[in-house]
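Computation of the quantities below employed the complete heavy-atom set of this structure, encompassing side-chain atoms and omitting hydrogens, waters and symmetry-equivalent molecules. Quick note on labels: first sequence line is chain A, next is B, and so on, each numbered from 1.
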Amino acid sequence: MEDIVSLAKRRGFIYPGSDIYGGLSGTYDYGPLGTLLKRNLISQWLKFFVDGWADMYQIDSAILMNPKVWQASGHADTFSDPLVECGNCHSRLRADHVDKNKCPVCGKENTFGEARQFNMMFKTSVGPVDDEASTAYLRPETAQGMFVNFKNVVDTFSPNIPFGIAQVGRAFRNEISPRDFLFRTREFEIMEFEYFLHPSQWEEKFDKWRKDMHSWFKHIGLPEDKIKEAEVPAEDRAHYSKRTIDFLYDFPSLGFDEVGGLAYRTDFDLKNHQEHSGKDMNYRPKDGSEPFIPHVIEPTFGVDRNFLAVLSNSYMQDEVEGEKRVYLKLPKELAPVKVAVFPLLKNKPELVAKAREVYKSLQKSVDGEVMWDDNGNIGKRYRRQDEIGTPYCVTVDFDTLVDETVTVRNRDTTEQERKKITELSF
RNA sequence: GCGGGAUUAGUAUAGCGGUAGUACGUUUGCUUCCCAAGCAAGAGGUACGAGUUCAACUCUCGUAUCCCGCACCA
């Protein structure tokens with residue numbers, strides 16, 4: 001994991017947040033290559049789950065929401081816990097989970113002080129006056145954006161049920177202790193959708209999405225034996241969930257930990273919003289059958305955790321001609337740079353000019369980033385591209401000037417192939 | 001939040017109460033006909049703030065961040 005963190009900074013994937021001021025706990029910034037990789041990840045996800053499906057509607061809802069939303073969703077109650085601290089061993093525990101007179105950690109009696117409120121939601125003020133009435137929260141999950149727009153989407157598109165509302169966006173949680181690089185941060189991105197259906201269908205669809213989630217992890221290159229399911233027992237489930245499966249990836253040094261989840265949220269959210277807002281959340285089937293409040297299956301993925309899983313999983317070391325080589329074996333669709341172009345020698349103007357020409361034409365034809373490099377020698381450039389996971393390198397040499405062919409070098413095999421410029425496609 | 005450890009250049013690391021070094025990377029020039037070659041020159045650092053001292057990167061305290069445990073993690 002340390003190697004990955006170091007490479008991430010050195011090569012411009014991930015920097016510590018607010019770096020020049022000593023950082024800010026639980027925040028990281030995506031550098032140019034990290035941003036490209038994340039963008040590709042999200043775009044693949046949209047292709048996989050949203051685009052091309054007639055029954056999927058993507059939205060992008062506001063991070064600031066009416067505080068009543070969090071009343072209805074239950075977060076106002078459950079994200080805010082009274083904590084007590086033991087005066088002897090300094091353990092912090094939920095006041096409603098412990099015997100007031102005896103600390104379960106150190107066993108001493110009568111050591112607890114006053115209970116203090118701890119709120120996992122980030123608080124802010126809407127408008128210039130900071131008072132009770134202006135208090136708002138940064139959303140602790142993106143799901144409520146879909147629920148509060150359920151009626152809007154139904155009214156505008158009259159979809160046939162089942163259908164889904166999808167969203168990719170940031171959420172914020174004031175974690176007590178952010179940890180493990182990108183794994184637990186206070187600001188993070190989620191890709192998820194709410195799939196609305198008749199309650200009679202939930203088991204069938206739950207199973208369908210469960211399979212599709214496995215296909216997704218396979219699609220982004222995570223091997224089957226590194227993905228594990230964990231059925232979440234009732235006492236550990238979220239307040240809204242009747243069944244939850246966590247999907248765990250085997251991270252280096254962390255071990256198996258969550259990269260996605262599948263929850264059956266029942267009609268908990270829509271029913272509560274109906275109650276709190278007074279709006280009718282019933283879906284009226286077009287065949288005239290009984291209106292009902294739809295139930296919801298929610299497949300959810302942490303963007304940053306999927307990113308970290310992909311990065312960890314692709315980190316490879318091998319040897320080429322006795323020299324150690326580090327490369328990122330990223331799936332082609334995810335690689336931040338699709339292809340790099342070099343002149344074999346940079347002090348031969350005719351090679352540089354020809355390579356420039358190839359570079360410019362590839363910039364037009366390739367869907368994704370094309371990188372130019374004429375630094376050092378050819379071997380260094382290959383290694384540099386290996387380290388950022390570029391699947392192919394194109395080298396222009398003296399033969400190119402004669403026969404319009406170039407060398408295409410493969411990242412994973414390091415093998416080279418001679419190809420006509422006109423036949424290049426990546 | 002608690003307890004312990006750490007923090008020296010972009011990265012990885014030496015070192016010392018008295019001018020901060022190495023490797024790789026990086027910049028410029030030369031050279032080089034396919035996997036980190038070579039030559040020359042250059043830029044870049046003691047996390048932040050106090051204190052002790054003639055003098056602090058070094059010792060002390062505080063702050064921040066990271067790592068390891070605990071707790072938390074809807």
Which atom pairs, one a donor and one an acceptor, fall under 3.5 Å between side chains of residues 60-70 of chain A and the rest of the protein, sequence neighbours left out?
residue	atom	partner	partner atom	Å
A:S61	OG	A:R139	NH1	3.3
A:S61	OG	A:Q167	OE1	3.1
A:S61	OG	A:Q167	NE2	3.2
A:N66	OD1	A:K68	N	2.9

Only distances under 3.5 Å count here; give the side-chain donor-acceptor pairs of residues 339-349 of chain A to other protein atoms, sequence neighbours excluded, each with its distance to 0.1 Å.
none

Less than 3.5 Å apart, which donor and acceptor atoms pair up between the side chains of residues 246-263 of chain A and the rest of the protein, not counting sequence neighbours?
residue	atom	partner	partner atom	Å
A:Y249	OH	A:N313	OD1	3.2

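For the segment residues 260-277 of chain A, no residue has any heavy atom less than 4.0 angstrom from an atom of RNA chain B.
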Do any N or O atoms of the protein come closer than 3.5 Å to N or O atoms of nucleotides 21-24 of chain B, and which pairs are they?
none

All N/O pairs under 3.5 Å across the protein-nucleotides 8-12 of chain B interface:
residue	atom	partner	partner atom	Å
B:U11	OP1	A:K9	NZ	2.8
B:U11	O3'	A:S6	OG	3.3
B:U11	O2'	A:S6	OG	3.1

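Side-chain contact of A:N272 with A:Y240: a donor-acceptor pair under 3.5 Å is absent, judged by distance alone. Looking only at atom types and distance, the side chain of A:E229 has a donor-acceptor partner in the side chain of A:H214 under 3.5 Å away.
Proximity of the aromatic rings of A:Y327 and A:Y382 is defined here by a centroid distance below 6.0 angstrom, and this criterion is not met.
In this view, A:K38 and A:E189 satisfy the salt bridge (Lys or Arg N to Asp or Glu O under 4.0 Å) rule, not counting sequence neighbours. With sequence neighbours excluded, the residues satisfying ring-ring contact (aromatic ring centres under 6.0 Å, His included) with A:F196 are A:F150, A:F163. For A:D280, the salt bridge (Lys or Arg N to Asp or Glu O under 4.0 Å) partners are A:R284, not counting sequence neighbours.
For residues 346-373 of chain A, every residue pair satisfying the ring-ring contact (aromatic ring centres under 6.0 Å, His included) rule, not counting sequence neighbours, is listed here: A:Y359-A:W372.
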Protein-to-nucleotide contact annotation, 5' to 3' order, nucleotides 42-51 of chain B [B base; S sugar-phosphate only; - none; under 4.0 Å, heavy atom]: ----------
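Residue whose closest nucleotide on RNA chain B sits further toward the 5' end, between A:S177 and A:H239: A:S177.
Proximity of A:D19 to A:P16: side-chain heavy atoms (C-beta onward) are separated by under 4.5 Å at one or more points.
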Show me the dot-bracket string of RNA chain B, counting Watson-Crick or G-U pairs under 3.5 Å, with | for pairs to another strand and [ ] for crossing ones. (((((((..((((....[..)))).(((((.......)))))....(((((..]....))))))))))))....
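When distances are taken from the side chain of A:K346 to each of B:C34, B:G1, B:U32, the shortest belongs to B:U32. Distance from the side chain of A:D180 is smallest for B:C68 among the nucleotides B:A71, B:C33, B:C68.
Look at A:R265 and A:E298 and you find a salt bridge, because one of the NZ, NE, NH1 or NH2 atoms lies within 4.0 Å of a carboxylate O, short of that distance.
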